[in-house]
Amino acid sequence: MNSVPAGRLVALVAAGVALALAAAALTLVLAEVATTSTDPAYGGRQPAAPSGSAGQSRHGGAAVAGRATATANPLYKTGRLTDVNCRPGSLPAGSMPAYRRFLTRVTACLNKAWAAQFRKAGMPFAKPRLRIITRKVKTPCGSWNTGADGVYCSTDRTMYLMISKDQLRNPFPLGITRLIAHEYGHHVQQVSGIWNYYWAARTVAGKAKRLQLSRNSELQAECFSAVFMSTMKGTSLVTDADWAYTVGWFRKNGAKGWPQNDHGKGPTQAAWMTRGFHRGSPGACNTWAANPRNVT
């Protein structure tokens, strides 16, 4: 494992202060907004760059059916995620064209990797759309989630990523890559049929069960994200120090600022990130068949 230089340690401590102040605003909240759409948008966040760094499917029917699409999905037997030699390049500060280029390249990598995985499983695959924005927009799923940096809307199968002025000034390449890979994880859940069970189960669930189902979905998307990140382990984008910083941030701050536990506690989020990163396979991310105490 790479050691962390002394200057880096000072930078990480300084970043922790900024993250603590931003934790309430940068939420990874699942918001079911009151619109004509029945599909919520899934909002995501990324940790702020360390100081000095250059960083749904439709509802199912009334009866719960198809649980095996979540607990025994063919994707789980496809082995390690295909390494597509993803090298999206640099992400210099202050350049929106550079951000667009970087995110477009990462999305292309995700498309190649997951398309290959679906072929292994003998399942049809469809790419999501990517829309990069600089201000909040209303998606087909409803109003933009307050404080979210990214949203996946299942109605139009689009990942919306908002680049703020702060992110533009101080980009964190690993952070934005992890975020888009998380939103892509929700797309994987949709096109694989996992969400068919999720939505069918939610329609008949009480509050406690709905929160559990939400945690299953969010923690799996986070694990899928980490599986993708593992294919770039040891590169300039995913260094040991930056990955450890990111996991540590979610361990401490992942559950802050929410009124209810619908995404999992911070240590739980960090555990699924670590599991996906170390094993590198979608099969490591089967939250639906996991012991409930591991999805808290």
Side-chain angles (χ1 to χ4, degrees), residues 28-33 35-46 56-59 75 81-82 84 86-89 91 95-119 121 123-164 167-168 171 173 175-196 198-199 217-218 220-222 224-225 227-229 231-232 282:
L28 186 65
V29 174
L30 162 61
E32 294 192 59
V33 291
T35 69
T36 55
S37 171
T38 57
D39 296 328
Y42 281 72
R45 61 173 174 177
Q46 62 164 315
Q56 355 164 328
S57 80
R58 288 288 177 187
H59 287 262
L75 279 177
L81 189 69
T82 301
V84 296
C86 188
R87 302 294 186 271
L91 184 56
S95 173
M96 182 56 72
Y99 242 115
R100 293 182 183 278
R101 182 171 58 250
F102 184 89
L103 292 173
T104 298
R105 288 174 177 173
V106 172
T107 301
C109 293
L110 285 159
N111 286 336
K112 291 179 183 178
W114 283 108
Q117 216 68 16
F118 273 69
R119 284 195 297 272
M123 299 168 65
F125 177 77
K127 300 175 183 177
R129 298 181 181 90
L130 171 65
R131 184 176 172 187
I132 301 168
I133 58 179
T134 57
R135 62 181 183 274
K136 297 176 182 178
V137 298
K138 186 174 182 179
T139 76
C141 291
S143 300
W144 188 267
N145 295 354
T146 301
D149 290 327
V151 161
Y152 174 72
C153 176
S154 68
T155 302
D156 61 355
R157 295 189 174 188
T158 298
M159 301 181 299
Y160 295 82
L161 292 184
M162 184 171 65
I163 307 305
S164 69
Q167 292 165 355
L168 192 62
I176 192 66
T177 302
R178 185 218 60 83
L179 172 64
I180 193 171
H182 175 101
E183 302 305 338
Y184 204 104
H186 287 310
H187 178 71
V188 169
Q189 290 172 323
Q190 169 164 325
V191 296
S192 67
I194 290 172
W195 266 0
N196 290 340
Y198 174 44
W199 285 115
S217 178
E218 289 296 334
Q220 182 173 61
E222 196 58 56
F224 281 162
S225 174
V227 165
F228 174 71
M229 300 303 292
T231 66
M232 295 177 284

Rounded to the nearest 0.5 Å, how far apart are [atom1] of [X] and [atom2] of [Y]?
X	Y	atom1	atom2	result
T107	K112	OG1	NZ	12.0 Å
E183	R178	CD	CZ	8.5 Å
L103	M159	CG	CE	9.0 Å
I180	L161	CD1	CG	4.5 Å
L168	L91	CG	CG	8.5 Å
Y198	Q220	OH	CD	11.5 Å

Inset, instruction - Please check if the side chain of T155 supplies one atom and the backbone of C141 the other of a donor-acceptor pair under 3.5 Å. - result: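 Looks like no, no N/O pair under 3.5 Å.
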Inset, instruction - Would you confirm whether Q190, through its side chain, and R157, through its main-chain N or O, come within 3.5 Å as a donor-acceptor pair? - result: no
Can you find a heavy atom in the side chain of [X] that is under 4.5 Å from one in the side chain of [Y]?
X	Y	value
F224	L81	no
E218	H182	yes
P128	N111	yes

What are the two closest heavy atoms between [X] and [Y], and how far apart are they?
X	Y	result
F228	C86	CZ-SG, 4.2 Å
I163	Q167	CA-OE1, 3.5 Å
T177	P173	OG1-O, 2.7 Å
L179	G150	CD2-N, 4.2 Å
V191	A126	CG1-O, 4.2 Å
A221	G185	CB-C, 4.3 Å

Inset, instruction - Over 60° means perpendicular and under 30° means parallel, so classify the ring planes of Y184 and W114, tilted if in between. - result: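 W114 vs Y184 ring planes: parallel.
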Inset, instruction - Measure up the Y152 and H187 rings against each other and bin them: parallel (under 30°), tilted (30 to 60°), perpendicular (over 60°). - result: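 Ring orientation of Y152 relative to H187: perpendicular.
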Inset, instruction - Check the pair K136, S143 against side chain to side chain contact (heavy atoms under 4.5 Å, CB included), reporting the backbone distance first and the verdict last. - result: CA-CA 8 Å; K136 297 176 182 178; S143 300; over 6 Å; no
Inset, instruction - Sort out for me which residue in T139, L130, I132 forms a side-chain contact (heavy atoms from CB on, under 4.5 Å) with Y160. - result: T139
Legend entry - Greater than 12 external heavy atoms within 6.0 Å of R129's CZ: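 No, the 6.0 Å shell around CZ holds no more than 12 heavy atoms from other groups.
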